[in-house]
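Worksheet: one structure, shown below.
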There are 2 protein chains.
Amino acid sequence: MEMVSALYKHINKFIDLSNDEQEILAPFLKSFTVRKKAFLLSQGQTCRTNYFVVKGCLRLYFIDIKGAEQTTQFAIENWWITDLTSFLFQEQSEFYIQAAEATEVIAIEHHHYDEMFHKLPKLERYFRLILQKNHQASQRRIKFLYSQTAEERYRHFNSLFPEFVQRVPQYMLASYLGFTPEFLSKIRAKK
Amino acid sequence: MEMVSALYKHINKFIDLSNDEQEILAPFLKSFTVRKKAFLLSQGQTCRTNYFVVKGCLRLYFIDIKGAEQTTQFAIENWWITDLTSFLFQEQSEFYIQAAEATEVIAIEHHHYDEMFHKLPKLERYFRLILQKNHQASQRRIKFLYSQTAEERYRHFNSLFPEFVQRVPQYMLASYLGFTPEFLSKIRAKK
DNA sequence: TTCATTTCTTAAACTACATTAAGTTTTTTC
DNA sequence: GAAAAAACTTAATGTAGTTTAAGAAATGAA
């Protein structure tokens with residue numbers, strides 16, 4: 001299956017997009033492959049792109065004051081990912097976006113963004129629904145961060161996404177869950 | 001100024017809403033006042049409403065396993081607040097929404113939600129932009145939670161929102177920032 | 001204007017998790 | 001398939017923040 005049709009398929013889960021409308025959208029989309037560990041954004045650059053993951057896995061992270069990588073977000077199949085602050089205001093990013101695996105992505109450029117919504121107002125609804133899901137996910141994530149211990153967060157995440165836990169290195173997962181790789185080792189060691 | 005006009009004004013910062021369109025929207029809005037400490041949602045209820053704060057302050061919190069209140073969100077003037085998971089899927093909420101001060105709110109009911117977007121598709125854009133801001137705020141918040149110590153988070157928040165810090169009790173602020181009220185006292189004591 | 005309630009403070013004892021450092025295993029590369 | 005690089009483990013030591021508990025201050029109610 002051609003890459004962009006994965007996005008059309010996803011959009012059609014939320015709104016009805018006719019063939020004509022797909023053709024209007026097409027020129028705004030660029031699809032390509034990134035290999036494992038390649039960067040789509042680095043600290044200091046302006047984030048010019050919103051990425052849709054067709055296949056594979058991207059992660060958003062920053063380097064904290066102690067020099068450690070802090071992964072704040074993963075994006076797998078059918079998720080969008082970007083540094084929204086940098087993307088919206090076209091200012092320097094403090095984040096990196098990196099491929100955690102070889103990944104197929106579809107990109108929409110910031111300089112096309114307004115035009116795209118202008119030509120296809122229907123997409124307002126699609127992105128509203130996507131952002132609503134995002135917001136919902138954020139609310140749940142904050143709740144877990146505030147109510148569970150490190151060990152509970154790991155066990156909970158592991159029970160929700162057992163296959164995903166296998167896909168990424170433990171040090172990425174540890175920082176995503178808010179603790180150190182050493183502590184994750186310790187948790188896994190018992191039982 | 002009448003309450004709902006505060007919302008129209010806010011909407012008009014993002015999209016153009018004609019007088020006619022305002023009249024279409026009006027029947028979907030209910031505005032009222034809640035007094036300090038009153039609840040708009042309690043754990044176990046289904047969240048049927050999305051709230052817009054005209055004036056005052058609402059907070060979203062839950063009770064953790066140890067019985068402590070964990071404030072995960074505040075909403076002040078011109079912010080929307082709801083338990084999105086409960087609101088979207090009309091399932092039992094694990095949260096409380098409580099007035100931190102006497103508060104003027106505008107409410108949109110879940111059973112009007114789809115109809116509202118149907119009659120006023122323009123609002124898709126408004127809510128997309130609002131949710132985009134939300135998502136951006138979430139990304140920044142997660143970054144701060146992952147990179148700063150409790151003390152740094154307090155000082156940073158305090159420098160960004162000095163007036164707000166005065167408005168709410170310290171125990172709400174402490175849990176919002178992810179630590180105990182006792183620790184906040186300690187931080188404030190030094191210097 | 002007093003009594004009750006809520007909020008804030010202080011300090012000692014405790015703990016979940018971080019840090020450091022060295023060694024081991026796994027994966028990648030050529 | 002050997003060497004290098006990346007990822008993971010283990011364990012001792014350290015610390016930021018919690019817990020508990022009691023008292024003080026502020027706020028609210030009658």
Side-chain angles (χ1 to χ4, degrees), chain A residues 34-39 56-57 59 61 63-71 74 96 98-103 144-158 164-191, chain B residues 34-39 56-57 59 61 63-71 74 96 98-103 144-158 164-191:
Chain A
V34 277
R35 37 167 104 174
K36 193 170 175 172
K37 296 198 179 176
F39 289 93
C57 180
R59 66 163 178 148
Y61 74 92
I63 308 279
D64 72 17
I65 207 169
K66 290 173 191 157
E69 292 178 6
Q70 298 290 345
T71 300
F74 289 108
Y96 298 82
Q98 188 190 33
E101 314 172 339
T103 302
F144 287 127
L145 280 174
Y146 280 41
S147 60
Q148 298 183 321
T149 65
E151 179 164 358
E152 286 166 347
R153 290 198 301 274
Y154 170 70
R155 302 222 183 272
H156 183 246
F157 189 84
N158 196 45
F164 179 74
V165 169
Q166 304 305 327
R167 275 170 70 175
V168 297
Q170 286 184 29
Y171 73 90
M172 289 186 195
L173 195 64
S175 78
Y176 177 75
L177 293 173
F179 47 80
T180 58
E182 291 83 357
F183 194 68
L184 180 48
S185 261
K186 205 179 200 169
I187 291 171
R188 287 169 52 98
K190 43 173 168 173
K191 183 182 147 203
Chain B
V34 277
R35 38 168 103 175
K36 191 168 174 174
K37 299 199 179 173
F39 289 93
C57 178
R59 67 163 177 147
Y61 74 92
I63 308 278
D64 72 16
I65 207 168
K66 291 172 190 156
E69 292 180 4
Q70 298 290 343
T71 299
F74 289 109
Y96 298 82
Q98 188 191 33
E101 314 171 340
T103 303
F144 288 126
L145 280 174
Y146 279 42
S147 60
Q148 299 183 323
T149 64
E151 179 164 358
E152 286 166 345
R153 290 199 300 276
Y154 170 70
R155 302 222 183 273
H156 182 246
F157 190 84
N158 196 45
F164 180 74
V165 169
Q166 303 306 327
R167 276 170 69 177
V168 297
Q170 286 184 30
Y171 72 90
M172 288 185 195
L173 195 64
S175 77
Y176 177 75
L177 293 174
F179 46 81
T180 59
E182 291 84 357
F183 193 68
L184 179 48
S185 260
K186 205 179 201 171
I187 290 170
R188 287 170 51 98
K190 42 174 170 174
K191 186 181 147 204

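Just so you know, these numbers come straight off a predicted model, no measurement behind them.
- For the pair A:Thr103 and A:Ala99, the tightest heavy-atom approach, listed with the atom from each and the gap, is OG1-CB, 4.1 Å.
- Here C:dA16 presents its P atom at 15 Å from CD of A:Gln148, a figure rounded to the nearest Å.
- Whole-Å rounding puts the B:Leu173 CG to C:dT6 C1' distance at 17 Å.
- Among all heavy-atom pairs drawn from B:Arg155 and B:Ile187, the shortest one is NH2-O, 3.5 Å.
- Across all strands, B:Phe183 comes closer than 4.0 Å to base atoms (heavy-atom distances).
- Among the nucleotides C:dT19, D:dT10, D:dC8, the one closest to the side chain of A:Lys66 is C:dT19.
- With distances taken from any side-chain atom of B:Phe179 to the nucleotides D:dT10, C:dT7, D:dG17, the minimum falls on D:dG17.
- Protein atom OH of B:Tyr171 is 18 Å distant from nucleotide atom P of D:dT18, rounded to whole Å.
- One finds no side-chain N or O of A:Lys37 lying less than 4.0 angstrom from the OP1 or OP2 phosphate oxygen of D:dA5.
- Of the residues near DNA chain D, A:Met172 and B:Lys36, the one whose nearest nucleotide (by heavy atom distance) lies more toward the 5' end is A:Met172.
- Side-chain nitrogen and oxygen atoms of A:Lys186 include none within less than 4.0 Å of the OP1 or OP2 phosphate oxygen of C:dA16.
- Among the heavy atoms of the strands lying under 4.0 Å from A:Ser185 is at least one base atom, whether or not backbone atoms are also near.
- Following rounding to the nearest Å, B:Glu101 (CD) and D:dG28 (C1') show an atom-to-atom distance of 16 Å.
- Distances from the side chain of B:Glu182 to the nucleotides C:dA21, C:dT10, C:dC17 place C:dT10 closest.
- Here the side chain of A:Arg167 pairs a donor or acceptor atom with the backbone of A:Gly56 at under 3.5 angstrom.
- Under the rule for a side-chain contact (heavy atoms from CB on, under 4.5 Å), A:Ala102 has no partner lying at least two apart in sequence or in another chain.
- Atom NZ in A:Lys190 sits roughly 13 Å away from atom P in D:dT10 (whole-Å rounding).
- With rounding to whole Å, A:Gln166 atom CD is found 12 Å from C:dT27 atom P.
- Look at B:Gln170 and you won't find any side-chain N or O under 4.0 angstrom from OP1 or OP2 of C:dT6.
- The nearest whole Å value for the distance from the CG atom in B:Leu184 to the P atom in D:dT19 is 15 Å.
- Closest approach to the B:Thr180 side chain among D:dA6, D:dT19, C:dA18 is made by D:dT19 (side chain taken as heavy atoms from C-beta onward).
- Between B:Phe157 and B:Tyr176, the ring centre distance stays below 6.0 Å.
- Rounded to an integer number of Å, the gap from CD of A:Glu151 to C1' of C:dC17 is 12 Å.
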